[in-house]
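Written out below as structure tokens is the structure these notes cover.
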2 protein chains.
Amino acid sequence: MTETRTQRLPAAERRELMLDAASIVFGERGYAGTTTDAVAAAAGVSQAYIVRTFGSKEALFAETASRAVSRIKAVFRQAAASESAAEESVEERLGRAYVDLVADRGILLTVMHLLTLGHHDKFGPLAREGFLSIYRVLRDEVGLTPQEAETFLAKGMLINTMLGLRLPDIAATQPDAGELLTCVLEGAADEVVTLSTKHQPLGQAVRHSD
Amino acid sequence: MTETRTQRLPAAERRELMLDAASIVFGERGYAGTTTDAVAAAAGVSQAYIVRTFGSKEALFAETASRAVSRIKAVFRQAAASESAAEESVEERLGRAYVDLVADRGILLTVMHLLTLGHHDKFGPLAREGFLSIYRVLRDEVGLTPQEAETFLAKGMLINTMLGLRLPDIAATQPDAGELLTCVLEGAADEVVTLSTKHQPLGQAVRHSD
DNA sequence: GTCTATAAAGGGATAGAC
DNA sequence: GTCTATCCCTTTATAGAC
């Protein structure tokens, strides 16, 4: 066993590592299904240190989920804003946007889990606000119409669900899974193109840091 | 307090009541977030009795989720199959199908939660199979093309997410929530009509009991 | 900056009474 | 058919050592 453990690291850096780990674990198991111990194991630190660093499991999730929402918005903004740079079309940008998101497996799934917490006293408001803020980015900064944004969101959620379900893993043996998957992914490619050819010009999309 | 508690009931009947309660609670909180105690409280029985009746929390969820998946399929089948009866069009049937589903608040949300359990040893396979079986009903019995089924599923999931988020509750104060909501719901109505005018004839859709 | 040890609470499951 | 009481494991959070 090559134990890389127990190395002293600057707090900020270690913090990022812990959030990365949290993103993955929360993305897999959701808030209630995740133990701080599992996050600790994934981050290679002790359970107590996780709690000490973030204060509580709730605070850890709030931070992880907020970060995930921000990243999604950042990726969409980037896809829309860099219209001018290079010879890359907005279509390609938007296509890559989703790929970028999916590359970090935890981000999208953590947000999906956040979206199941509407009933929660503390996370419910966070979830609603996060969802609406993503919608606003698509509408106001990417320049989609409400209908386009809605279709985009719907398809994105279906894709995320299928990824969370691990349908790709069984596509080989289950023909229907493969069919649905290719159908949706092709559709998504179309989708991106369709949208990007219709959306209104957006000038320099303002980059709030939120 | 009008306590209706501690009434002896036939086992089968009590069982149904417990499953109804479980459907609501699991739908709100998900599998991991639900305690058998909460289900017991909702059903008006003791926690021990819930566990004794179903054997374990896992078994209770498996049964609740399976029942929910079956009901969804049943509603879709019904919408498609009763084409002949009365002067009601298939459009109206499909429209009502969703309304019927949403009426029982727990059904859809329980399935949504099931769909987040792809990683789970036991529920993962159940989730994948449930999802694919719903897809098959839409494709093989309702007669949608893969693309139509996919669009239908995507929009359905977006609606379910928004309901779970309780967006309708804040639509009054949050203009954007209202906008998205009306946009999606109108779209859904269109959707149903659009689909139903295009799908292939389906004869007598076979009614498996599963 | 990070760990070990442990307290305190929560929750699933079992036993047995009625 | 249904409840009360209770066991025991899991999990969050704290205290304090290094």
Side-chain angles (χ1 to χ4, degrees), chain A residues 1-22 24-26 28-65 113 117 119-123, chain B residues 1-22 24-26 28-65 113 117 119-123:
Chain A
M1 294 239 205
T2 17
E3 284 289 335
T4 323
R5 302 280 308 279
T6 318
Q7 275 220 32
R8 285 175 84 89
L9 239 57
E13 197 170 330
R14 176 72 76 193
R15 205 184 159 83
E16 282 306 306
L17 291 178
M18 291 193 268
L19 283 171
D20 290 344
I24 292 169
V25 181
F26 280 129
E28 296 248 303
R29 322 222 159 158
Y31 174 67
T34 293
T35 65
T36 53
D37 203 62
V39 175
V45 299
S46 72
Q47 181 266 335
Y49 191 36
I50 290 279
V51 173
R52 159 156 306 206
T53 303
F54 296 94
S56 68
K57 181 187 167 183
E58 280 203 348
L60 171 61
F61 181 71
E63 194 162 333
T64 306
H113 274 113
L117 294 176
H119 81 280
H120 195 285
D121 283 347
K122 199 164 168 183
F123 301 137
Chain B
M1 295 237 203
T2 16
E3 284 290 335
T4 323
R5 304 281 307 281
T6 319
Q7 275 219 34
R8 285 174 84 88
L9 239 57
E13 198 170 329
R14 177 71 77 192
R15 205 185 160 81
E16 282 305 305
L17 290 177
M18 291 193 268
L19 283 172
D20 290 343
I24 292 169
V25 182
F26 280 128
E28 296 247 303
R29 322 221 159 160
Y31 174 68
T34 293
T35 65
T36 53
D37 203 63
V39 174
V45 299
S46 71
Q47 180 265 337
Y49 192 35
I50 290 279
V51 173
R52 157 156 306 205
T53 302
F54 296 93
S56 69
K57 181 187 167 183
E58 280 203 349
L60 171 61
F61 181 72
E63 193 162 335
T64 307
H113 274 112
L117 295 176
H119 74 92
H120 195 285
D121 282 346
K122 200 165 167 181
F123 301 137

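Proteins get letters first, then strands, A, B, ... in listed order; numbering begins at 1 in each.
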Between B:Glu13 and B:Arg8, does at least one N-O distance fall below 4.0 Å, as a salt bridge requires? no
Just how far, in rounded Å, is P of C:dG11 from CZ of B:Arg29? 10 Å
Atom CZ of B:Phe54 and atom P of D:dT2: how far apart are they, to the nearest Å? 12 Å
Does a side-chain N or O of B:Arg14 approach OP1 or OP2 of D:dT2 to a distance below 4.0 Å, or not? yes
Going by side chain to side chain contact (heavy atoms under 4.5 Å, CB included), name the residues that satisfy it together with B:Ala32, two or more places apart in sequence or in a different chain. A:Ala32
Name all residues meeting the side chain to side chain contact (heavy atoms under 4.5 Å, CB included) criterion together with B:Ile24; count only those two or more places apart in sequence or in a different chain, and write none if there are none. none
Who are the ring pair (Phe, Tyr, Trp, His ring centres under 6.0 Å) partners of A:His119, not counting sequence neighbours? none
By salt bridge (charged side-chain N to carboxylate O under 4.0 Å, His left out), A:Arg52 pairs with (sequence neighbours left out) none
Choose from D:dG1, D:dT4, C:dT2 the nucleotide whose nearest atom is closest to any side-chain atom of B:Ser46. D:dT4
Going by the side-chain hydrogen bond (donor to acceptor under 3.5 Å, both in side chains) test, which pairs reach into residues 31-42 of chain A, not counting sequence neighbours? A:Thr36-A:Gln47
Using a cut-off of 4.0 Å between protein heavy atoms and nucleotide atoms, how would you tag nucleotides 11-18 of chain D 5' to 3' with B, S and -? SBBB-B--
